[in-house]
Amino acid sequence: QVQLVDSGGGLVQAGGSLRLSCAASERTFSSYAMGWFRQAPGKEREYVASISWNGDSTLYASSVKGRFTISRDNAKNTMYLQMNSLKPEDTAVYYCAAVRGSVFIISPDRYDYWGQGTQVTVSS
């Protein structure tokens, strides 16, 4: 079983940047495609980005494309989400997740393991 720990959230002004990290407990981390999701108060969890097991393929939600960059370092069992040009509407709890499957899986129901979440708040 993979345990995931999210970190790096915080309070930032609009236009600012944050980098989220997701540390995995398992050396089999490289067997999983990984994703980031977010959930704002009163809203459903939504897909943000995902990355293939080897980092060669990435996919982004249209709302973040061009502003966010997903990456991973399998040697460190860690995934990242660099968030630039943040907007107030990016405010949410961000979750990392792991799936044995394709980078193109965007439904949260398909993901097998989840981090505990990290709060990102963007002030206007």
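Keep in mind the model is a prediction, meaning the values are calculated, not measured.
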Please find the pair of heavy atoms, one from [X] and one from [Y], that lie closest to each other, and give the distance.
X	Y	answer
Ala97	Tyr111	CB-CD2, 3.4 Å
Thr58	Ile51	CG2-CG1, 3.8 Å
Cys22	Met34	SG-CE, 4.1 Å
Met83	Val120	CE-CG2, 3.8 Å
Pro88	Ala14	CD-CB, 4.1 Å
Ser17	Ser85	OG-N, 4.4 Å

Heavy-atom donor-acceptor pair, Tyr80 side chain to Thr69 backbone, under 3.5 Å: no
Distance from [X] atom [atom1] to [Y] atom [atom2], nearest 0.5 Å?
X	Y	atom1	atom2	value
Gln119	Thr91	CD	OG1	7.5 Å
Cys96	Gln116	SG	CD	7.5 Å
Ser57	Ile70	OG	CD1	11.5 Å
Asp6	Tyr94	CG	OH	12.5 Å
Asn84	Arg19	CG	CZ	11.5 Å

Cluster link [X] to [Y], ILVMFWY, side chain under 4.5 Å:
X	Y	answer
Val122	Leu20	yes
Leu86	Tyr95	no
Met79	Val2	yes
Leu4	Leu81	yes
Ile105	Val64	no

I would like to know whether Ser25 and Tyr113 meet side-chain contact (heavy atoms from CB on, under 4.5 Å); could you show each step before the answer? CA-CA 11 Å; Ser25 62; Tyr113 303 105; over 6 Å; no
Should we say atom CH2 of Trp53 is surrounded by more than 12 heavy atoms from elsewhere, each under 6.0 Å from it? no
Should the heavy atoms of other residues, nucleotides or ligands under 6.0 Å from CD of Glu89 be counted, would the total exceed 12? yes
Under the salt bridge (Lys or Arg N to Asp or Glu O under 4.0 Å) definition, can you give me all pairs with a residue in residues 34-62, not counting sequence neighbours? Arg38-Glu46, Arg38-Asp90
How are the rings of Tyr47 and Phe37 set to each other: parallel, tilted or perpendicular (split at 30° and 60°)? perpendicular
What's the verdict on side-chain contact (heavy atoms from CB on, under 4.5 Å) for Thr118 and Ser7, showing C-alpha distance, side-chain angles and the deciding distance? CA-CA 6 Å; Thr118 184; Ser7 64; 5.5 Å; no
